[in-house]
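Scroll down for the structure; my scribbles are underneath it.
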Amino acid sequence: MASSCLTPLSSPLCSQYSSLSLPNSNIAFSSPSHLQQLHSLLIKSGAPISSLSFPQIASVCALSSPSAFSYARHLFHRSADSPEIFLWNTHLNTLSSSSPSDALLLFNRLLSSNLLPNTFSCSFALKACSQLSHCLLTGKTIHALILKLGFDPDVFLNNTLVHMYSSFGAMADARLMFEKMPKSDAVSYNIMIARLTKDGEMELAREMFDVMPERSVRSWTSLIAGYVQWKNPREAVRLFVEMEEVGVRPNEVTVVAVLAACADLGALDLGKRVHQYGNRFGFLKNVRVCNTLIDMYIKCGCVQIARKVFDEMAERTVVSWSAMIHGYAIHGQGDDALELFEEMRKAGIRPNPVTFVGLLHACSHMGLLEQGRKFFQSMICDYNIVPEIEHYGCMVDLLSRAGLLDESLDFIKKMQIKPNGVVWGALLGGARVYKRVDMGEEAIRQLIDLDPLNDGYYVVLSNIYADAGRFDDAAKVRRLMRNKGVKKTPGWSTIAVDGVIHEFVAGESDHAQVEEIYRRWDDLLVELRVRGYVPDTSVVLLDMAESEKESVLYRHSEKLAVVFGLMSTPPGTVIRIMKNLRVCNDCHAALKLISEIAKREIIVRDRNRFHCFRDGVCSCRDYW
DNA sequence: TTAGGGTTAG
């Protein structure tokens, strides 16, 4: 130890250090090099270790001249194992998560003590900065200190710095740091990928993922979660399958991400497989895994299995309860939703804003007007929850569906926040059911501003006019659509048979078995007519003859998917369909009858909710 | 003793 400290050093004289002394010691020195020589002498003379004060000397050297840095660095490493700094770090670590600003105060005290921070101390301080929105400058100062102390080759610390910059959204700095660091590892890439996915920069994230030398389960999970977040669940599933193929074992977080993708896609088979996998590896003890599992089953049309997962959970959070309540609501089981809320209250779980969205949804879909009003009031008064746009949307839907259109409009006008397209769309929906042209026009005036390219609204208004016998006005709406360049979103439906997803697009006929599907439909149509089915051509918003409109109706994607399901699955099998738009009136009527004729349960997930057709009736009770 | 990914609405 002594010999290395005695290495001759030739540091230039530093005038501001003339006649200085170290605090709590009798060492006086005139320059950093003088201090180093004194230090060497002390070591040589066999002075007690406590009087050598490595950190103090190191800090003076480090903060004086660049040529003294290496000596400082050397001394620092001597003091790094000091039990004292370990204690400081322990406190810093605790505070960096529980009270970041106190962690920074403590770090400041450490700097003015006779100890030097080590890489751990700096790491905790940076973590504290990352959690305080106003501390970018402090983080930069610590970065400077890290350079001065010679910690810059430390990969761990550099990763913390990349994370610190990225958490402030200072991506130019984060990237510079990432590119300039002498050595990077999988964590460095993971930090960058995580930030890029959060920012929606999926292509850049993918580029990084593709070039990184080594990938960990976190690298895969970050990207999969990113694809889920940015509404590309297909790519998420594709990546998950690839991850399994290359032999990386998914963990709880991966499972959460891929289950969310399954929920979006309605991919029940994969969801079930992931469920089994999670069960095998003990992931079902994790609340988030179970919450996502509940959501997956709900969105794949399996409320009962979702409830089983819910019932078997060892611990439930407000998220578990809210997911289940919302699940009942969108499956038309409003009474179950309300019952579960009662249980939730008795269990002492405090509802959150999302819980109330589920409850209000349940009420509006069951026509429980007074109950819905009570929930809205209770949310504000009993739980101090400020209504969000979703709550207003549910309330307008509740009032409009109940036929209280004037009250609904009044409610919108009194809203504390700006109404959005969903709110006005709910009023428009009510205007259609109750044949209120005036309300439809009022809603569309707002919607043209808020959501001008959404074809659905124009369709509804045109139907309102057609219902009122105002065919000229209905035609005007179609012209308006053309003038505004509004394109009708093509309707598509999917059905999984033997693990293969079959997609049907309205009006397109590129399915391999299309001829047989059409033949089966024609046969079915005969039976449908016998049972009183009359095609409702009012949903076809095209300028054409009635007979042509009927042809268009018969090629609606959900009809084709159902017919395909009937012909390619054994009798009694439940038919599960996913649709990108809402089910139209005509398909709804047809599917009710088909469930009766074919003695099949048909479950359709449309963009808003589920319809479960069984024995000629729908779970939505024709109220959707 | 230090860094990186996750849940319910719309």
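The sequence lines fix the lettering, A, B, ..., with proteins before strands; numbering per chain opens at 1.
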Rounded to the nearest angstrom, tell me the gap between atom [atom1] in [X] and atom [atom2] in [N].
{"X": "A/His361", "N": "B/dT8", "atom1": "NE2", "atom2": "C1'", "answer": "13 Å"}
{"X": "A/Ile389", "N": "B/dG10", "atom1": "CD1", "atom2": "C1'", "answer": "10 Å"}
{"X": "A/Arg195", "N": "B/dG5", "atom1": "CZ", "atom2": "C1'", "answer": "14 Å"}
{"X": "A/Glu390", "N": "B/dT8", "atom1": "CD", "atom2": "C1'", "answer": "12 Å"}
{"X": "A/Arg218", "N": "B/dG5", "atom1": "CZ", "atom2": "P", "answer": "7 Å"}
{"X": "A/Leu360", "N": "B/dG10", "atom1": "CG", "atom2": "P", "answer": "11 Å"}
{"X": "A/Asp397", "N": "B/dG10", "atom1": "CG", "atom2": "P", "answer": "11 Å"}
{"X": "A/His91", "N": "B/dT1", "atom1": "NE2", "atom2": "P", "answer": "15 Å"}

When we call it a touch if two heavy atoms are under 4.0 Å apart, what does [X] touch: a base, just sugar-phosphate, or nothing?
{"X": "A/Val289", "result": "base"}
{"X": "A/Asn286", "result": "base"}
{"X": "A/Ala194", "result": "sugar-phosphate"}
{"X": "A/Asp185", "result": "base"}

Parallel, tilted or perpendicular, as decided by the 30° and 60° cut-offs, for the rings of A/Tyr189 and A/Phe178: perpendicular
By nearest atom, which of the nucleotides [options] is closest to the [X] side chain?
{"X": "A/Val422", "options": "B/dT8, B/dG10, B/dG6", "answer": "B/dG10"}
{"X": "A/Lys299", "options": "B/dG4, B/dA9, B/dG6", "answer": "B/dA9"}
{"X": "A/Asn251", "options": "B/dG5, B/dG6, B/dT8", "answer": "B/dG5"}
{"X": "A/His326", "options": "B/dG5, B/dA9, B/dA3", "answer": "B/dA9"}
{"X": "A/Val319", "options": "B/dG4, B/dA9, B/dT7", "answer": "B/dT7"}
{"X": "A/Glu252", "options": "B/dG4, B/dG6, B/dT1", "answer": "B/dG6"}
{"X": "A/Asn352", "options": "B/dT7, B/dT8, B/dT1", "answer": "B/dT8"}
{"X": "A/Thr254", "options": "B/dT1, B/dA3, B/dG5", "answer": "B/dG5"}
{"X": "A/Thr292", "options": "B/dT2, B/dT7, B/dG6", "answer": "B/dT7"}
{"X": "A/Phe124", "options": "B/dG5, B/dT2, B/dT7", "answer": "B/dT2"}

What about [X], does its side chain sit under 3.5 Å from the base of [N] through a donor-acceptor pair?
{"X": "A/Ser216", "N": "B/dG4", "result": "yes"}
{"X": "A/Ser322", "N": "B/dT8", "result": "yes"}
{"X": "A/Asn420", "N": "B/dG10", "result": "no"}
{"X": "A/Thr221", "N": "B/dG5", "result": "yes"}

For A/Pro419 against A/Leu450, the heavy-atom pair lying closest together: O-CD1, 3.8 Å
For A/His391, ring pair (Phe, Tyr, Trp, His ring centres under 6.0 Å) partners two or more places apart: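 Checked A/His391 against ring pair (Phe, Tyr, Trp, His ring centres under 6.0 Å); zero matches.
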Lys/Arg-Asp/Glu bridge criterion (N-O < 4.0 Å) met for A/Arg273, A/Asp269: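 No, this pair does not count.
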Lys/Arg N to Asp/Glu carboxylate O, A/Asp264 vs A/Lys231, below 4.0 Å: yes
Donor-acceptor pair, side chain of A/Tyr297 and main chain of A/Lys272, under 3.5 angstrom: no
